Amino acid sequence: MGRLEVCGKELDIDLVIFDKDGCLFESKAFWTGLAESRAIRLAAATSEDIALDWLNLVGMPARRDENGGLAIYGCDPMGPLALAPPSEEIIICASVILKATGWRWPKCRETAEAVFYEADRNLDLDKCIVPRKGFPGVFERLSKAGVPFGIATSDEEGRARASIGKYTDLGALSFIVTPEDVVHNKPDRETIDLIAGRFGIKDNSRILMVGDSYVDMLMARSAGAYGMGVPEFPESREEMRPFASFIAGSLDELRIAE
């Protein structure tokens, strides 16, 4: 058990769960890098027009630049690329291919799977992983205090480990939960219940969920846990306001109570 200070309020917390993208790392840099990598390979496998349609559909507004190439000029924190697990993203991509080409569905799905596999495998994390304020310091504080913590992310485990491992000791993490571990992904409460069960926690109000979106906060509320929101975007702050127990300016507002 740990006595934590969350946005100035002291709580008895047995375990802390962190989202990854947007919470520990700046999401815009990551989403843009990931979208660019996938779009390049989608264009090569199909056409640049299909890649452009896909970008705009998944919440990464794009257009052709002065040289005729694809240029991303924004990101939607509520879009599919930001919130959907990879399995859903692949179905969206395959559907874009189907509409544009008329190929049979197995070919569309297999093409999308191959695009995602190659793009994600070759993603240069050094160019798109930017820590948010307070990370990895918050991990170091919790570790020193002996409070268990880990990650619940919509990303895949290998990339989550590679990203976090660039900045802190992976051995300090008590768990990493991804969509592969649950039947129902965020905002369903299954993720929190799964983690609570692993640690023998009977009362979810002794769990703190830290995330950057309303999806994380809704999951926390539905499971009876505390939710600390650290929104990266103004619209995310407004979306999470009805569900969050606390809304912080940064991860520095999660501290060990003195």
Side-chain angles (χ1 to χ4, degrees), residues 19-103 105 107-132 153-156 158-160 162-163 179 185-186 211-216 231-240:
D19 179 41
K20 180 175 74 72
D21 301 319
C23 178
L24 305 180
F25 302 102
E26 292 182 7
S27 55
K28 184 176 181 180
F30 177 70
W31 294 337
T32 300
L34 188 60
E36 286 177 346
S37 182
R38 290 173 176 174
I40 288 169
R41 285 161 179 79
L42 180 57
T46 57
S47 72
E48 287 193 347
D49 286 341
I50 290 176
L52 186 62
D53 287 345
W54 171 77
L55 284 168
N56 284 294
L57 182 62
V58 297
M60 302 300 294
R63 58 191 169 214
R64 293 190 179 276
D65 59 24
E66 61 274 12
N67 299 316
L70 302 182
I72 296 171
Y73 61 89
C75 63
D76 178 6
M78 303 302 295
L81 190 138
L83 297 180
S87 59
E88 293 178 6
E89 292 186 86
I90 288 171
I91 294 300
I92 292 170
C93 183
S95 299
V96 173
I97 297 171
L98 176 66
K99 182 179 179 181
T101 65
W103 294 346
W105 178 249
K107 182 177 180 179
C108 296
R109 187 182 60 228
E110 289 163 9
T111 301
E113 288 172 345
V115 163
F116 275 56
Y117 175 78
E118 289 299 323
D120 293 14
R121 184 168 65 92
N122 291 293
L123 183 66
D124 187 349
L125 292 178
D126 289 331
K127 293 183 178 179
C128 59
I129 294 295
V130 180
R132 288 196 68 190
T153 178
S154 293
D155 201 2
E156 56 95 16
R159 187 161 56 224
S163 301
N185 196 33
K186 302 177 184 180
D212 69 302
S213 77
Y214 90 96
V215 172
D216 300 308
E232 184 178 352
F233 303 96
E235 53 265 49
S236 299
R237 177 180 293 270
E238 294 309 309
E239 289 281 352
M240 71 169 56

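This one's a predicted model, so the numbers in the text were calculated from it and none came from an experiment. Excluded from the calculations below are hydrogen atoms, water molecules and symmetry mates; all remaining heavy atoms, backbone and side chain alike, are included.
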- Message: Tell me whether E156 contacts the main-chain N or O of G158 through its side chain, where contact means a donor paired with an acceptor under 3.5 Å.
- Response: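 Indeed, once roles are kept as given, a pair shorter than 3.5 Å links the two residues.
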- Item | Backbone N/O of N67 and side chain of D65: donor-acceptor pair under 3.5 Å | yes
- Would you mind telling me which of I129, L34, T153, D21 makes a side chain to side chain contact (heavy atoms under 4.5 Å, CB included) with R159? L34
- Do you know which of D124, D120, T32, L123 makes side chain to side chain contact (heavy atoms under 4.5 Å, CB included) with S37? L123
- Query: Going through the checks in order, is the side chain to side chain contact (heavy atoms under 4.5 Å, CB included) test met by C93 and V96?
  - Reply: CA-CA 5 Å; C93 183; V96 173; 5.7 Å; no
Say you draw a straight line from [atom1] of [X] to [atom2] of [Y]; how long is it, rounded to the nearest 0.5 Å?
X	Y	atom1	atom2	result
Y73	L55	OH	CG	10.5 Å
K186	S213	NZ	OG	6.5 Å
D155	S163	CG	OG	6.5 Å
F30	L24	CZ	CG	12.0 Å
I40	E48	CD1	CD	10.0 Å
C108	I91	SG	CD1	10.5 Å

Minimum-distance pair of heavy atoms, taken over all atoms of [X] and [Y]:
X	Y	result
P77	A82	O-CB, 3.5 Å
G59	P80	N-CD, 4.3 Å
L83	S154	O-OG, 3.8 Å
G211	C23	CA-SG, 4.0 Å
R38	L81	NH1-CD1, 4.2 Å

- Task: Determine, step by step, whether W103 and T46 satisfy the side chain to side chain contact (heavy atoms under 4.5 Å, CB included) criterion, reporting the C-alpha distance in whole Å, the side-chain angles of both residues, the deciding distance to 0.1 Å, and the verdict.
- Result: CA-CA 11 Å; W103 294 346; T46 57; 4.0 Å; yes
- Query: Does D49 come within less than 4.0 Å of R64, counting only side-chain N to carboxylate O?
  - Reply: yes
- Message: Does this structure show an ion pair linking R121 with E118, if we count only N-O contacts that are shorter than 4.0 Å?
- Response: yes
- Which is it for I97 and L42 under the side chain to side chain contact (heavy atoms under 4.5 Å, CB included) test, yes or no, and what are the steps along the way? CA-CA 9 Å; I97 297 171; L42 180 57; 3.9 Å; yes
- Before giving the answer on side chain to side chain contact (heavy atoms under 4.5 Å, CB included), spell out for T101 and K107 the whole-Å C-alpha distance, their side-chain angles and the decisive distance to 0.1 Å. CA-CA 10 Å; T101 65; K107 182 177 180 179; over 6 Å; no
- Given salt bridge (charged side-chain N to carboxylate O under 4.0 Å, His left out), test K99 with D53 step by step and report yes or no. CA-CA 11 Å; K99 182 179 179 181; D53 287 345; over 6 Å; no
- Side chains of V58 and E89: does their closest heavy-atom pair fall under 4.5 Å?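 SC-SC contact between V58 and E89 ruled out.
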- Task: Using a 4.5 Å cut-off on heavy atoms from C-beta on, say whether the side chain of E88 contacts that of N185.
- Result: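 No, side chains not in contact.
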- Query: Under 30°, 30 to 60°, or over 60°: which ring-plane class applies to W31 and F233, parallel, tilted or perpendicular?
  - Reply: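 Ring orientation, 0 to 90° scale: parallel.
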- Query: Hey, which of E232, R132, K20 is the one that makes side chain to side chain donor-acceptor pair (under 3.5 Å) with S27?
  - Reply: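 Of the listed residues E232, R132, K20, the side chain to side chain donor-acceptor pair (under 3.5 Å) partner of S27 is E232.
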